[in-house]
Participant: 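The structure's right below; bear with me while I get my questions together.
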Amino acid sequence: MPRQTSRTAHETPEPFGLASGKLPKMIGILTAPLPLFPVQPILRRMVLEVTRKRPELFERLGPHIHSTYVIDVAEMPFVLRLRPDPDAPGLSAHRRSEQLNADARISGPFSALFDVMDGAADSDALFFSRDIFISGNTEAAVCLRSALDDLDGSIVEDLIQMSGPLYAPLRFALTRLRKPRVGDRA
Amino acid sequence: MTGPESPRKPELVCPAGTPAALRTAVDAGADAIYCGLANETNARNFAGLNFSPESLAQSIAYAHQRNVHVLLAVNSFATAPRTQMWKDSVDVAARIGADAVIVADIGVAAYVAEKYPDMRLHLSVQAGASSPEAIRYYCEQFGVKRVVLPRILTVAEISAIHRQIPCEIEAFVFGNIGMMSEGRCSLTNYATGISTNMHGVCSPASAVQYVRRPDGSTSAELGPFDIDCYSADESTGYPTICKGRYTNVSRPDPYYAFEEPVTLNLSSLLPDLMNAGVTALKIEGRQRSRSYVQMVVSAFRRAVDDISAGRQPDLGGLAQLSEGGKETQGAFKTKKWR
């Protein structure tokens, strides 16, 4: 039976309880009490650097350069809010308990989301298998996926290089927890 | 010269929704890539996908340097008064050196035949030409050199058609498999007002929403319709009406009324297809990522090479990419596949 729907991403029930175990829960537990304000300038610098170094990222987003995204990495103690507007880019950390206004929410374990960002995993397959979940504006999420997938090289590597004091933990997480890639098996 | 026991090595035709995917397909061993411009003239007109004329020209240069062909899909149906968009797309293909255009609309086919008689013309699966008579008509009227067969035929039927037509056959071997009335499906149009066949997009993402419910299940919505609801541990498929589950008075439990979410995989039928006279093996998935392209193209490259060399192919690693976690041989093996 036809039914009118009108939802936004922030109305989605709380994320993925994911308990995926992809990243040791201890990291999340240990970092959860830490304040977020020291992270914000690092994230700000990262998004500005990506905007400067990867202008091609924005071409595929079309009107969704003005959309806002919540990126919910299951093992992290906070979520990220992204606005990929080349003229006013934004990336900030927020507690999960915050009611964030966003057009789309993308949730999943660390390994899946970072591999999708890097074009190293097929997001459709991860969606079929329920490893990742999207809600809100599906078109915005799909455009972001396509924009990232069309990038040459590794944007995750770029981000790690830009992460300053977060370099060591991010590098640790990436090297220890990332799934083997197709090419790695050879 | 080859006989039935050692058929000619088929061309591997691979999808690309972005320049990065195209380069990936080339590097993974594609013989040809098919792709579309970022407008309503191609049947994978999804948000964020496809090529500008400039990026397509660069991509063609990349492919041609590696002896790989690029086929431009201009395979939606041109409707008045918008036909100039389709003519412009054909003009782009001619200007930047695409190796063929894939068309479905007879008006577009006529435009190609009249304005660019030397341009290679392929008949899209969207044309739905499945009989020797229909295919011969396209060949005679427009000079079609290859037909992409609808996914409604058995291998034996393909073999019979091959003997009765003057053009090459391209057959799908892997990927999304939808309604068995290609080029004629109006389900998306009914639900969203946007036509798969005229606007080039099935289940546009702008009309799709996924909603997590308190019990852990997820509902998939297309426009005003709930088209499925997945339990927390259940694999999903694309949010298309043809793969949704519905109830009615006589069947109160949700069931797949049209198709199930499943991926076509004809790896075990490759030798049969090659013996049936198929010239080109087509991999579906212009909407998929470059990771998918890399995995599927390289797997089929190895398989085709193995079969051609008399070795047993191994294509067991593709199940992880499957829609709904399931694979099928569709109608290619038997018409009783459901």
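From a predicted model like this one, the values you see are computed outputs, not experimental measurements. Proteins get letters first, then strands, A, B, ... in listed order; numbering begins at 1 in each.
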Participant: Can you say whether A:L144 sits under 4.5 Å from chain B via the side chain, the backbone, both, or neither, judging by heavy atoms?
Facilitator: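 Contact with chain B: none, neither part.
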
Participant: Do other residues, nucleotides or ligands put more than 12 heavy atoms under 6.0 Å from B:Y190 OH?
Facilitator: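 Count not over threshold, so no.
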
Participant: Could you tell me which of B:S206, B:A21, B:S235, B:A207 has the largest number of non-hydrogen atom pairs under 4.5 Å with chain A?
Facilitator: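 Winner by heavy-atom pair count: B:S206.
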
Participant: Does a side-chain N-to-carboxylate-O contact under 4.0 Å join A:D150 and B:R290?
Facilitator: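 Salt bridge between A:D150 and B:R290, a charged N being under 4.0 Å from a carboxylate O: no.
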
Participant: Please give me the minimum heavy-atom distance between A:G119 and B:S291, naming the atom from each residue.
Facilitator: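 Taking A:G119 first and B:S291 second, the nearest heavy atoms are O-CB, 3.6 Å.
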
Participant: Calculate, to the nearest 0.5 Å, the distance between atoms OG1 and CZ belonging to B:T218 and A:F127 respectively.
Facilitator: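 If I round to the nearest 0.5 Å, the distance is 7.5 Å.
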
Participant: Against chain A, label B:Y238 side chain, backbone, both or neither, depending on which of its atoms sit under 4.5 Å from a heavy atom there.
Facilitator: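 Backbone plus side chain of B:Y238, per the 4.5 Å heavy-atom cut-off to chain A.
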
Participant: Identify the two heavy atoms, one from B:P19 and one from A:R60, that lie closest to each other, and give their separation to 0.1 Å.
Facilitator: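 Where B:P19 meets A:R60 most closely, the heavy atoms are CD-NH2, 3.1 Å.
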
Participant: Between B:S289 and A:D122, do the side chains contain a donor N or O and an acceptor N or O under 3.5 Å apart?
Facilitator: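 Side-chain D/A pair, A:D122 to B:S289: present.
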
Participant: Flag the pair B:Y210 / A:T138 as yes when at least one side-chain heavy-atom distance between them is below 4.5 Å, and no otherwise.
Facilitator: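 When only atoms from C-beta onward are counted, A:T138 and B:Y210 do touch, with a gap below 4.5 Å.
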
Participant: Highest number of heavy-atom pairs under 4.5 Å with chain A: which of B:L22, B:D233, B:N50, B:T24?
Facilitator: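 When all of B:L22, B:D233, B:N50, B:T24 are compared, B:N50 has the most.
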
Participant: Could you look at B:Y246 and say if it's the side chain, the backbone, both or neither that has a heavy atom under 4.5 Å from chain A?
Facilitator: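 Neither part.
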
Participant: Show the numbers, then the answer: is there a side-chain contact (heavy atoms from CB on, under 4.5 Å) between B:Y292 and A:D124?
Facilitator: CA-CA 9 Å; B:Y292 166 96; A:D124 288 16; over 6 Å; no

Participant: Pair A:N137, B:Q209 - check side-chain contact (heavy atoms from CB on, under 4.5 Å), show working.
Facilitator: CA-CA 7 Å; A:N137 187 326; B:Q209 278 210 316; over 6 Å; no

Participant: If I measure from the heavy atoms of chain B, does A:D149 come under 4.5 Å with its side chain, its backbone, both, or neither?
Facilitator: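 For A:D149, backbone and side chain are both near chain B.
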
Participant: Heavy-atom cut-off 4.5 Å, strictly under: side chain, backbone, both or neither for B:A232 against chain A?
Facilitator: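 Only the backbone of B:A232 comes within 4.5 Å of chain A.
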
Participant: Set out, in order, the CA-CA distance, both residues' side-chain angles and the distance that settles side-chain contact (heavy atoms from CB on, under 4.5 Å) for B:Y230 and A:R130, then state yes or no.
Facilitator: CA-CA 10 Å; B:Y230 316 103; A:R130 312 295 293 278; 3.3 Å; yes

Participant: Can you name the closest pair of heavy atoms from A:R145 and B:Q287 and give their distance?
Facilitator: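 The pair with the smallest heavy-atom distance is NH2-O, 2.8 Å.
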
Participant: Quick one: CZ on B:R212 to CZ on A:R105, what's the gap to the nearest 0.5 Å?
Facilitator: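 B:R212 atom CZ to A:R105 atom CZ measures 10.5 Å (nearest 0.5 Å).
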
Participant: Provide the closest heavy-atom pair for A:C143 versus B:G48 in the form atom of the first, atom of the second, distance.
Facilitator: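 What the structure gives for the nearest pair is SG-N, 3.7 Å.
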
